[in-house]
Trainee: 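The structure is given below, and queries will be raised subsequently.
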There are 2 protein chains.
Amino acid sequence: MKTLYPLSSFNKTELEGFEKCFCPVVRSYSRGEVIMRLDEENNYVGVIASGTAHLVTTTFDGTKTIIDYFEPGNIFGRRFSPCTQIDPYLVTAKTKCTVWLVEYERVITCCEKRCEKHIRLIDLMILTMARRAQLHVEVLGKRSIRGKLMSYFSHISRSRESRTFVLPLSLSDLADYISVDRSAMMREIKNLNNEKIIVSHANKVTILKDVNV
Amino acid sequence: MKTLYPLSSFNKTELEGFEKCFCPVVRSYSRGEVIMRLDEENNYVGVIASGTAHLVTTTFDGTKTIIDYFEPGNIFGRRFSPCTQIDPYLVTAKTKCTVWLVEYERVITCCEKRCEKHIRLIDLMILTMARRAQLHVEVLGKRSIRGKLMSYFSHISRSRESRTFVLPLSLSDLADYISVDRSAMMREIKNLNNEKIIVSHANKVTILKDVNV
DNA sequence: AAAAGTCTGTTGCATTTGCAACAAAAACGT
DNA sequence: ACGTTTTTGTTGCAAATGCAACAGACTTTT
């Protein structure tokens, strides 16, 4: 039996393979446009081909939560992205972006020849979701803003294999992702700098000290 | 093309079908025993046949977080349950329980005859994870203990289709699941009772007023 | 039946966090 | 190149939360 790949997004070759295998619908969006509404009627899988997008939900009082963020190679869709019955979950373009769309059932159902790519894609969907959910739950699960920040930073550091990195989110968006007040988060980032645990300027961060979080 | 089922766990018939189709290894555990360690070496999918189990992680300072909880029909496994590289993620028996184990790759790879059950199981895994992650992120994402509680309660209420329900977790465990201090949570539950938003005794809850959370 | 362990419930107090409001810098659109 | 919008950064103050510590009820084990 073939070993399944451990990655959580498609690489360039796989993206090309995906395009050939599924002949997806290609759509382009400009900043702020809604790419997909994750509701019961939605049966599409989306793959970010270029640009970035956010999965966002906004509650009645205007509190925004960034549930997930997508870069080229990331996939999303109602069936395997978190979505709720109450507040609308929207995938919106953070920057100008290009997206591929394929019907969920075409992906989940094995094709006649048990095409390796289908199995790979199914595995990837499962992995992607698992890792993203894992990260988010792990970060949100920390009891303090400091804990949330350091948990998130060290995850990014690990995935980039470097103690210095640029955050994939703006600080404003990061606050929405870790679900805390932005000014309180800024204050805590300042504290972390003062205590020489990190050095940061805007969203460029270097971890100086490993902290048990 | 067959419509895929919207459930997030196996029902009784499906459990029986699953057993026949996969011939899983059957294991029994007593309260507190470790059923599965979700690490890189682990390639099994577990299905709870009877009893209950928790997916738990404990940080260096002893803070426990309940990442997920499982009842009969629920599935878990490293490949699609949240797990991390730092703290160990353990599935432990909350009560005496029986578990079925199947290799992940046998599940994820379509069988020769494109058996309907395999496709169903893959879909179920994806759905299960999505819903569980959805719920947890949604709950943890609320900025206050009150918000977390009401978000969780209304989810349980919806899934039970009743305003009165018994929580699937003890209050102590609930605090670990929503990741807040237990005493602070108790205080907030008392407030909710005083304000007649809910009526509760121990882990039996009735929602009196729908609150925007 | 007693003992051990777990779960629910409570309170005072210190700390952390969120809120509101503002200002400067940077990015973006035309 | 200018105006607009977004992002970063800051502070005082009120409110929410976590911590510590304790007690009684309920379960499970021996």
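Letters A, B, ... are given to chains in the order of the sequence lines, protein chains preceding strands, and every chain is numbered from 1. Side chains included, hydrogens not; waters and symmetry mates left out as well; all remaining heavy atoms used.
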Trainee: Toward the 5' end of DNA chain C, which comes first, A:Arg143 or A:Arg31, by nearest nucleotide?
Mentor: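 Nearest nucleotide further toward 5': that of A:Arg143.
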
Trainee: Any base atoms under 4.0 Å from A:Ser170, or only sugar-phosphate, or nothing? Heavy atoms, all strands.
Mentor: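 If one applies the 4.0 Å heavy-atom cut-off, A:Ser170 turns out to touch the sugar-phosphate alone, with no base involved.
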
Trainee: Is the ring pair B:Tyr177/B:His136 parallel, tilted or perpendicular, if the boundaries are 30 and 60 degrees?
Mentor: parallel

Trainee: B:Leu171 has an atom CG; how far is it from atom P of C:dT10, in whole Å?
Mentor: 11 Å

Trainee: Given atom NZ of B:Lys148 and atom C1' of C:dT17, what is their separation to the nearest angstrom?
Mentor: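 From B:Lys148 NZ to C:dT17 C1': 11 Å.
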
Trainee: Measure the shortest side-chain to side-chain distance between B:Pro24 and B:Leu101 over non-hydrogen atoms and say whether it is less than 4.5 angstrom.
Mentor: no

Trainee: Measure from the side-chain N and O atoms of B:Asn42 to the backbone N and O of B:Arg37, and report whether any donor-acceptor pair falls under 3.5 Å.
Mentor: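 Side chain of B:Asn42 to backbone of B:Arg37: a pair is present.
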
Trainee: CG of B:Asp173 versus C1' of C:dT6: gap in Å, rounded?
Mentor: 10 Å

Trainee: Is it the case that the side chain of B:Thr95 and the backbone of B:Gly51 share a donor-acceptor pair, with hydrogens and angles ignored and the cut-off at 3.5 Å?
Mentor: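 The answer is no, because no donor-acceptor pair under 3.5 Å joins these two groups.
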
Trainee: Under a plain distance cut-off of 3.5 Å, with no hydrogens placed, do A:Asn193 and A:Ser200 share a side-chain donor-acceptor pair?
Mentor: yes

Trainee: Among residues 182-189 of chain B, which ones have heavy-atom contacts with DNA chain D below 4.0 Å?
Mentor: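 By residue number: B:Ser183, B:Ala184, B:Arg187, B:Glu188.
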
Trainee: Roughly, in whole Å, what's the span from NE2 in A:His54 to P in D:dT6?
Mentor: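 Atom NE2 in A:His54 sits about 14 Å away from atom P in D:dT6.
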
Trainee: For the pair A:Arg146 and A:Glu195, evaluate salt bridge (charged side-chain N to carboxylate O under 4.0 Å, His left out) and give the outcome as yes or no after the intermediate values.
Mentor: CA-CA 12 Å; A:Arg146 172 171 297 211; A:Glu195 296 175 36; 2.8 Å; yes

Trainee: Tell me which residues in residues 190-202 of chain A lie within less than 4.0 Å of DNA chain D, going by non-hydrogen atoms.
Mentor: A:Lys190, A:Ala202

Trainee: What is the distance from CG of B:Asp176 to C1' of C:dC7, rounded to the nearest Å?
Mentor: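 The answer, rounded to whole Å, is 12 Å.
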
Trainee: Do the side-chain N or O atoms of B:Lys94 get closer than 4.0 angstrom to the phosphate oxygens (OP1, OP2) of C:dC7?
Mentor: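 Answer is yes, contact under 4.0 Å.
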
Trainee: In this structure, how many angstroms lie between the C1' atom of C:dT15 and the CD1 atom of A:Ile145, rounded?
Mentor: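 After rounding, the gap between these two atoms is 12 Å.
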
Trainee: Ignoring hydrogens, what is the shortest heavy-atom contact between A:Phe153 and A:Ile198? Give both atom names and the distance.
Mentor: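 Looks like CE1-CD1, 3.9 Å.
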
Trainee: Compute whether any side-chain donor of one residue and acceptor of the other, for A:Thr65 and A:Thr57, lie under 3.5 angstrom apart.
Mentor: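 No pair is found: no donor N or O on one side chain lies under 3.5 Å from an acceptor on the other.
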
Trainee: Over all heavy atoms of both residues, which pair between A:Met150 and A:Ile197 is shortest? Give the atoms and the distance, please.
Mentor: CE-CG2, 3.8 Å

Trainee: Could you state the atom-to-atom distance from CG of B:Asp181 to P of C:dC13 in whole Å?
Mentor: 17 Å

Trainee: Between A:Lys142 (NZ) and D:dG18 (C1'), how many Å, whole number?
Mentor: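 In whole Å, D:dG18 C1' lies 16 Å from A:Lys142 NZ.
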
